[in-house]
Amino acid sequence: MEGTKDSSPTSDSLVFDINGERFEVPEVDPSTTLLEFLRSRTRFKSAKLVCGEGGCGACVVLLSKYDPVSKQIESFSVSSCLTLLCSVNGCSIITSEGLGNSKDGFHPIQERFAGFHASQCGFCTPGMCMSFFSALANTGKRPHSQASPGFSKLTVSEAEKAITGNLCRCTGYRSIVDACKSFAADVDLEDLGIRSFWRKGDRKEVRASKLPSYNPKDHTSPYTEVLKDEYKSTRILNFQKYSWYTPLTVEELQSLLNSSTAEEGVRIKLVVGNTGDGYYKETEKYDKYIDLRYIPELSAVKKDNSGIEFGAALPISKVISHLKEESKLNSSSGGELVFTRLAEHMEKIASGFIRNSASLGGNLVMAQRKYFPSDIATLLLAVGSSVTILAHHKQDTITIEDFLYRPPLDPKDVLLSVHIPLLKPTRTDSSIQTNSKLLFETYRAGNGLAYLNAAFLADISFSKNGILVNHVRLAFGAYGTKHASRARKVEEYLAGKIFSVGVVDEAIRLVKGAIVPEDGTSHAAYRTSLAVSFLFSFLVSFANFGSPENLNDSLLQEAAKNTNDIHTRPTRSPPLLSSAKQFVESRGEYYPVGEPMPKFGAKIQASGEAVYVDDVPSPPNCLHGALICSTKPLARVKGISFKSNPRPSAVTDVISVKDIPKAGQNVGGVAFFGPEPLFAGDVATFAGDVIALAVADTQKHANLAAKTALVDYDTEGLDPPILTVEEAVEKSSFFDVPPNLRPAQVGDFSKGMAEADHRILSSEIKLGSQYYFYMETQTALAIPDEDNCMVVYSSIQTPEFAQVAIARCLGIPEHNVRVITRRLGGGFGGKGLRSMTVATACAVAAHKLRRPVRCYVDRKTDMIIAGGRHPMKIKYSIGFKSNGKITALHLDILINAGITVDLSPFIPNLMIAGLKKYNWGALSFDIKLCKTNLPSKSTMRSWGHVQGCFIAEAILERVASELSMEVDSVRNINFHTYESLKFFYANAAGDLIEYTLPSIWDKIAKSSGFERKIAEIEYFNRSNIWHKRGISRVPIVQQVAVNSSPAKVSILWDGSIVVEVGGIEMGQGLWTKVRQATAYALSSLQCDGTEELVDKVRVIQSDTLSLVQGGFTQGSTTSEASTAAVILCCNALVERLAPLKKTFQEKAGLVKWDDLILQAHQDSTNLAAHSYFVPESSSSVYLNYGAAVSEVEINVLTGETTTLRTDLIYDCGQSLNPAVDLGQAEGAFVQGLGFFMLEEYLSNKDGLVITDSTWTYRIPTVDTIPKEFNVELLNSEHHRNRILSSKATGEPPLLLAVSIHCATRAAINAARKQLKSWGAVEGTDPTFLLDVPATMPVVKQLCGLNAVEMYLQNLLSRSSS
């Protein structure tokens, strides 16, 4: 570049390595991300697109580059979905395939993930492996003690935290954490859960020797230890043809910003890590990209007596490292506390792979220019930082406050550096006897974006008069204003005050007036209460730093004592999870069925070699589609245009209802209750209705076209949309439930109410929705084939129905449509009709354009169209005796089904089945399926049952509160006897021996120490004001139905076996169980070699033209049905082979399997068998039982809930694979935890989903699951009516997460009793209802938004009296 004086070579070609392969890219769009390049232009597909926001970790790779300053190779994890390709010039990238693979051998990480059963659907697993590998790769740089052979230098805590930024929807995380902890230097292998490497009882040395060998020297970065010499000199990319520039000095940067190419209207993007794109999605193209990372001043760290100055381009992770280092160097000045707290708080921001590339300056510029709710801005405001900016050709240093509140930076302005002062206590007046002390603390509430963040700095002195507040700085942010701000009135009030409870009380009053969110801010009152809680915590902590004689206020001494529990900090970072126990029992009756074998394909899932739909290579001339969806709930669609007219050149076509072939129909989905439309016609009927499919040359261009499409709406003359169940009732907008699906009433309600001592009439419960959050979004690839045929690859749970829908839509016979599904990256019921929409839309586009068309739906659109769980409103009336025995229950239930019927007519039966887990005496109900102008609600893991289960518990909680009884006693008295079970469930109850719930109920009480825990919690709650605990024991009964299922088993010449089944593998281990069942059934031939037959079995993808009547994989029983179908096939093959084996044996004695099969082929024996399993009607429906005890702790000040421990026992019959079933139970439970405690699936006034990203929709993470999670699979007796005596596990354990919700209610009740003792009247009623989900604002509100004020007033009133 002109003006460059540096000796570093420049290049107009992009060069880098991926897994040791050199790539030279002469042409590229500078907006291209590393992930786009990996997935579209290389064979490496392990990095997955899940969110496109850096919020999930599925796309994580390891990036290595040479640092010319340290002359060392730096290796760190990055989010490839945000990393721009041009920024990896001269770097080496490793994906999970490069770490290890099936051809070169798997890495120990991948082997241990498989062996610890830590991969289910597998879509997140490569990213997990890479996040953890990044942690391993960097341990060599730390001065840890030497690790034992086979282990790393990581601690258990570090191993856990290595994957805290990665999301998983399947496993429940425990198994993943165990796989990571197995590498830790301080791990106790006894603490690790079920695994395939050693047997119970093996000695410690034996266990360690059986782990896949790990040696740091052999298993470090395979392609980065010696970067090629050409990369060691910094390669400067100046891609002027494609507008990517890399200045080397501030002067060059100024020249670029002010050159003739930067005239008005030219859009300039300053680039460091590009992580801002994860929050602010770009929809317009930039004209110029300027890489700031090679300007030395912008990455420099300068330290002097005044503090530390960080270059604005420095990654946040490096800022953290320097702060930690500086805190050690200034350990005697008092300033070390500030640096330590800053570093600790910054580690809570985003995830490691984001902090590794996100820059300090970028975060602040987003806060200044776009009002991003930055934690860093709040921290810097509290410590009095300053910044240096380059604006209008000159450099200027201003305070961080002036920076935030000045007009938004011009695109040509640059933040150069940030200065953090080295703070020291001020010199005090001689009258003060002791030295001053500097206090600094930071706070945040919320996962992801904070509800509120805060940072407080105080200088205090100690004297005989008490604690003197010299001065304070109080900064608050993210509470619903544009920028972080200081509470100056509070600061001014506190300055010079002698500390007392009265001073604290007045400061609290002032801060409530200072921290006021803007109108429209969600949870505004909660955010203000957080400001009160945080300030209270900080101020009262002053008392902990003085001696008793400094606390001249007895009330202050009491307050300090009562707040000790909120100020304790661990001296070292504790593990996220404590040890847990998993109990499984295998029986050899059906060997190898019942063995805890690793999931089939787990290793290739870990390496990224497992092929999902979006991994299928694009055929030549392939186009890409993106859905254009309505943003209005009911409106005419007059037309579609684009912001750039004519439409963008990359857009090939816009496919809509007019493009459906004349012989076809507007059908986008087919299920049991009729077809559903593909495209909105003249009228869009809900927000999310698919109006069209934008088709372009790349997925990126298609998505951009869909996002920028302008839809012309008209609502004149249309009725108002129906958006609530109340409106549906008013307008009689309902779907019919067929008579055969309507649940039966139980007993005589009127009689039961007459027998009651007490009655509750018309009490109300509301339940919201939940989004599936499968890691792989909806995706399909449609390829036109010969003779008017269509081949469609679809990520779908019901390929058979997709075949029907596509055929009807195109107007062709079903045999012209071939739908192929290999595996799903998660489903949970969400890949039914919505998957058909995407597959059919691609097929219509491919049919019209005569070219392949694929679509990978972006996360936002997926969340808008998905529908999710059924929300509902319930009113109930109940009668009960004085001892808690229920005599009658009536429910009026309004279920919001959305715009189409979908599968909703099934839900009333399922819901009532879940509700009937208790003996209600008599049960009556009126259930209405409401048709509304919202996305159609559909089946989701344990649908209906989870709502019924919660309603049952909420009602019993209310009864217990009315009677002032322990809710566990009420549960006990309403527990089913076998007779009442038969009365409520009829034939589904099965035999008496199958009713294991009473024994499970007693067993869980003993194993969890339930009675002892109750006493301990009572003591804890008496001893702690600001933390309360609760415990709950909950049973479940879930009714499931086994459906028909096909299978085909073929034995090839070499004795290997190919199996096809109707069930779809989506992480639940169906293929694994089918392999085991195949080996079991064929081993009845008793040939030599059949004991290893399972290794000869391969289950292949679903193909609707190869195996018909595949049905819908859902409801937890498809694995059983597929297993049964396979056994039927194998029995037929055994019958054919037995005579040959007998003949062979008579001639040769011992018969080897391979020899037998070879001879059978030569004898023209039919070695392919097809079956269709149809369960007997008398035993197709059965009940599942389980129980759980959960203990939680809530923070009364913030509403945060921590699940301390969960004990779970579940009867899965005789497990087909205990390891798989254990993972299913844990994963289901954690998904239930999300529903009950975390996940808010919210819409705006038009019904358009607004929690549409990882920023706004929070699923459980590693740090939100139970700290101790003990799970036992009860291997119960032989079940004569079950398939190999097994029972379902995929869904029922989800219901047990209600135990966490109930325990949280108990903890809140303790807080409300305390609130009442302080004189509060409102918010103390014990009959309160805890909403679902019980999020932090919900819990805090029920504990009292004014709890701090009531506490202080109580203290002061006691003093005055």
Q: Quick one: do Glu74 and Lys318 make a salt bridge, cutoff under 4.0 Å?
A: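 Lys318 and Glu74: salt-bridged.
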Q: Is the terminal nitrogen or CZ of Lys210 (NZ for Lys, CZ for Arg) located under 6.0 angstrom from the six-membered ring centre of Phe197 and within 45° of that ring's axis?
A: no
Q: Taking the six-membered ring of Phe1269 as reference, does the cationic atom of Arg1205 (NZ for Lys, CZ for Arg) lie under 6.0 Å from its centre and within 45° of its axis?
A: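 No, Arg1205 and Phe1269 do not form such a contact.
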Q: Answer yes when Lys324 and Glu344 have at least one side-chain N-carboxylate O distance shorter than 4.0 Å, and no when they do not.
A: no
Q: Does a salt bridge link Glu1065 with Lys599, judged by any charged N lying under 4.0 Å from a carboxylate O?
A: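 A salt bridge is present here (some side-chain N lies under 4.0 Å from a carboxylate O).
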Q: Would you mind listing every salt bridge (charged side-chain N to carboxylate O under 4.0 Å, His left out) that reaches into residues 1215-1233, with sequence neighbours excluded?
A: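 Qualifying pairs, neighbours excluded: Arg174-Glu1226, Lys1073-Asp1221.
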Q: With no hydrogens and no angle check, do the side chains of Asp1263 and Thr164 hold a donor and an acceptor under 3.5 Å apart?
A: no
Q: Could you check whether Asp188 pairs with Arg207 (Lys NZ or Arg NE/NH1/NH2 to Asp/Glu carboxylate O, under 4.0 Å)?
A: no
Q: Can you tell whether the side chains of Asp614 and Lys45 come within less than 4.0 Å, N to carboxylate O?
A: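 Between Lys45 and Asp614 there is no salt bridge, as every charged N stays at least 4.0 Å from the carboxylate O atoms.
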Q: Taking the ring of Tyr612 and the ring of Phe123, is the distance between their centroids below 6.0 Å?
A: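 That pair passes the under 6.0 Å test.
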Q: Do NZ/NE/NH1/NH2 and the carboxylate oxygens of Lys161 and Glu347 come within less than 4.0 Å?
A: no
Q: What do you reckon, is CD of Glu1091 surrounded by more than 12 foreign heavy atoms closer than 6.0 Å?
A: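 Enclosed.
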Q: Do Asn1217 and Gln1076 have side-chain atoms, one donor and one acceptor, less than 3.5 Å apart?
A: yes
Q: Of the options Ile18, Asp17, Leu62, Val61, which is the one that meets Ile94 in a side chain to side chain contact (heavy atoms under 4.5 Å, CB included)?
A: Leu62
Q: With sequence neighbours excluded, what pairs up with Thr95 under the side-chain hydrogen bond (donor to acceptor under 3.5 Å, both in side chains) test?
A: Asn19, Glu97
Q: Apply salt bridge (charged side-chain N to carboxylate O under 4.0 Å, His left out) to the pair Lys581 and Glu190, showing each step before the final yes or no.
A: CA-CA 9 Å; Lys581 297 179 177 64; Glu190 290 238 8; over 6 Å; no
